[in-house]
Number of protein chains: 2
Amino acid sequence: MSRPTARQVAELAQVSVATVSYVLSGRDRPVAAETRQRVLDAARQLGYTPNQAARSLRKRRTQRVCLVQGSLGGNPSDERLARDLHEMADVHGYSVITLAVYSEGRARAAADVLRSGIADGALVNQTGDHFPHDLLAEIVATGLPMVVVRNESVPDGCDVVRTPETQVSTEAVEHLLAEGRTRIAFMAHRQELYRDQPTGRLLGYTTALDRHGVDQRIIVSGADDRVAAYQSATELLRSPDRPDAIFAASDRAAISVINAAKDAGLSVPGDVAVIGVGNIDEGLISNPQLSTVGPLRHDYTDVVRLLFDRLQADGPLPAREIVRPWTFLRRGSS
Amino acid sequence: MSRPTARQVAELAQVSVATVSYVLSGRDRPVAAETRQRVLDAARQLGYTPNQAARSLRKRRTQRVCLVQGSLGGNPSDERLARDLHEMADVHGYSVITLAVYSEGRARAAADVLRSGIADGALVNQTGDHFPHDLLAEIVATGLPMVVVRNESVPDGCDVVRTPETQVSTEAVEHLLAEGRTRIAFMAHRQELYRDQPTGRLLGYTTALDRHGVDQRIIVSGADDRVAAYQSATELLRSPDRPDAIFAASDRAAISVINAAKDAGLSVPGDVAVIGVGNIDEGLISNPQLSTVGPLRHDYTDVVRLLFDRLQADGPLPAREIVRPWTFLRRGSS
DNA sequence: CTGTTAGCGCATTCAG
DNA sequence: CTGAATGCGCTAACAG
């Protein structure tokens, strides 16, 4: 029940293993048409597929790239990134394998797998919460080409993709202030609450309030999933001094906030304004339409190209950085 | 910049490669404490990680399992299945790699990767739309242990996990009929529309109507994503002879249907009843709460165990089948 | 045009 | 307790 080897194909086709290899790997060595056909027939007959472990060992490359995903129930932009990666990998003759990193334990496991040489390069997407800098550095140290999508610091030697979420978040909150909102709440991802210093969208929020001399900070959790967001918002909106605006760290949470407000008999944006982050399509069918902070277009070919540039380069390349364009999109909910 | 090998560790530690292998793979061969320490230090110092390609080639197993996912933006139950797989893999000392199959092209690529021996077993989840039976058979033919989650037919020799979605869908639609609904529409996934014969939840729908002598079939697309569902429902509900009930092939679509109805000034379930499929948590925060067809608990340890039973068995095991318990959950939307 | 040979890095005999 | 030798399946260089 063991898989057939090139040797067995060679015997069946009455040729040497070298010929089998040349025919099937399609190198440019000339092979007689009739011989080639015999090999192909034999391979088909046995259901032969080359053993990748052996091939990788010999060629010292796997022809695989690895996508390290920070979440399982990905948001639409992660999905789009994955698609773009698969597409370009196809074009360049690479396979894509994915590692899911939804906890620190998973990050450790992913690092081990990557260091053991499963792929020729890696695209690490949005794993900031779980993937400590040191672990990333361990991988970079093996010389593996890497592109990291995150706003926190990354090890030397890998490309990095950043978003100006802090600045644009500030802009969004300043818009709320300009509209006369005075009690503005922030709905955070769990991890954001555990940091010493505010970063990213939370920092954008505090910066805007600081700038305009607003002391009050209303920070709640719930941005991680729709149900938690709904419950958190419901509670927040029931309080006697309820906020007149909520800036949620994700669009999905923001939509739950809108629903919670409506279910509580409040009008959006009349009684409470709502802004999300991410610019997901669903924001266009919410009622009112969702104001959000995020990219205008979801296109990640430039990000993916960073990786394949590295894979095709002979020597090590200088580290590059991409800052993705983000904007504040004012729609009906604010 | 190439990764260090066991040989280099051996030289640094002044031992043979055999000793390095024994120390680091933790086999039961006795090694002097002092020697062991020298090896460990040398390995740490060089940042050594064994080359998995070489190890797999030699041991003829990869210690990896592969999760083949049918969709990228997974629904919560896929997420839960993935978690359960990762957990059990950890316990058994396996790594998990994921292949995304969101098109026929991806299925072809995934099949090639699996046949080339990237893992010792595979769990194929919900890829019915893209993974043709023949391609699955090709993989099974290599002797790879496989568990397939799908209701369509699967090749001999692999375990299969099924859901009684047809029967329970029938039950749900019969409930709508019993409540006096007369114009019941079905919102389908795109692939369901392209099949010759109705299957699954669509078959459940037609069966219920057949049984009760209802001729009219109202079938629309849109179940694949929230925006499409909203638009499709809006159109449907604007028609002069609008339905008084909509059975949507996914909970996410069903929630969009509820929103579309409310935005059109209709009451749910007064003017139109809505039922979804999947029993996602979000159904509990919709207004009204979503009636649905699906599993009561999302627990996939039994599914995952099928795979690891096969991996640990010496010989080939008889093919097994699990039918997951599904129920119709009547809540506020019907 | 094709066969022979020599490793890729590792785990595992068999000697010592 | 440890080292030398073998080969997993494949590709690439070298001979014919």
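All values derive from a computational prediction rather than experimental measurement. Below, chains carry the letters A, B, ... as their sequence lines are ordered, and counting in each starts from 1.
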Nucleotide N/O to protein N/O under 3.5 Å, stretch nucleotides 5-9 of chain C:
| from | atom 1 | to | atom 2 | distance (Å) |
| --- | --- | --- | --- | --- |
| dG7(C) | N2 | R58(A) | NH1 | 3.1 |
| dC8(C) | O2 | R58(A) | N | 3.4 |
| dG9(C) | OP1 | R60(A) | NH2 | 2.5 |
| dG9(C) | N2 | A54(B) | O | 3.3 |

Are T49(B) and D112(A) linked by a side-chain donor-acceptor pair shorter than 3.5 Å?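 D112(A) and T49(B) do not have a side-chain donor-acceptor pair below 3.5 Å.
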
Verify whether one side chain among N51(B) and T5(B) offers a donor that lies under 3.5 Å from an acceptor in the other.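 No, because no side-chain N or O of N51(B) sits under 3.5 Å from a partner of the opposite role on T5(B).
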
Pairwise side-chain contact, V140(A) with D156(A), heavy-atom cut-off 4.5 Å (strictly under):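 With C-beta onward as the side chain, the pair stays apart.
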
Rounded to whole angstrom units, what separation is found between the [atom1] atom of [X] and the [atom2] atom of [N]?
{"X": "L24(A)", "N": "dA12(D)", "atom1": "CG", "atom2": "C1'", "answer": "16 Å"}
{"X": "R36(A)", "N": "dT2(C)", "atom1": "CZ", "atom2": "C1'", "answer": "13 Å"}
{"X": "R61(B)", "N": "dA11(C)", "atom1": "CZ", "atom2": "P", "answer": "13 Å"}
{"X": "Q37(A)", "N": "dC1(C)", "atom1": "CD", "atom2": "P", "answer": "16 Å"}
{"X": "E34(A)", "N": "dT2(C)", "atom1": "CD", "atom2": "C1'", "answer": "13 Å"}
{"X": "E11(B)", "N": "dT2(D)", "atom1": "CD", "atom2": "C1'", "answer": "17 Å"}
{"X": "Q14(B)", "N": "dA4(D)", "atom1": "CD", "atom2": "P", "answer": "13 Å"}

T35(B) vs dT2(D): side-chain N/O to OP1/OP2 distance below 4.0 Å: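 It does, given that an N or O in the side chain of T35(B) lies less than 4.0 Å from OP1 or OP2 of dT2(D).
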
N/O (side chain, S21(B)) to phosphate O (OP1/OP2, dC10(C)) under 4.0 Å: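 Checking S21(B) against dC10(C): no side-chain N or O falls below 4.0 Å of OP1 or OP2.
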
What orientation do H92(A) and F308(A) show, parallel under 30°, tilted 30 to 60°, or perpendicular over 60°?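 Rings of H92(A) and F308(A): parallel, as their planes differ by under 30°.
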
Between the protein and nucleotides 14-16 of chain D, are there any N/O to N/O pairs under 3.5 Å, and if so, what are the atom names and distances?
none

I'd like to know whether CZ of R7(A) has more than 12 heavy-atom contacts from other residues, nucleotides or ligands below 6.0 angstrom. no

Does S56(A) reach a base, just sugar-phosphate, or nothing at all? Heavy atoms under 4.0 Å.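 No contact.
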
If you look at every strand shown and take non-hydrogen atoms under 4.0 Å, does V20(B) touch a base, only sugar-phosphate, or nothing? nothing

Which residue lies more 5' along DNA chain D, comparing T19(B) with T49(A) via nearest heavy atoms: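 Comparing both residues, the 5'-ward one is T19(B).
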
Donor-acceptor check, side chain of D159(B) to backbone of R320(B), threshold 3.5 angstrom: yes or no? yes

May I have all residue pairs that pass salt bridge (charged side-chain N to carboxylate O under 4.0 Å, His left out) and include part of residues 38-61 of chain A, sequence neighbours excluded?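 Pairs touching residues 38-61 of chain A that pass the test: E34(A)-R38(A).
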
Output, in order, the C-alpha distance, side-chain angles, deciding distance and verdict of salt bridge (Lys or Arg N to Asp or Glu O under 4.0 Å) for R106(B) and D90(A). CA-CA 9 Å; R106(B) 288 291 106 219; D90(A) 265 0; 2.4 Å; yes

Intermediate values then yes/no, salt bridge (Lys or Arg N to Asp or Glu O under 4.0 Å), D302(A) and R324(A): CA-CA 10 Å; D302(A) 55 343; R324(A) 295 187 56 75; 3.6 Å; yes

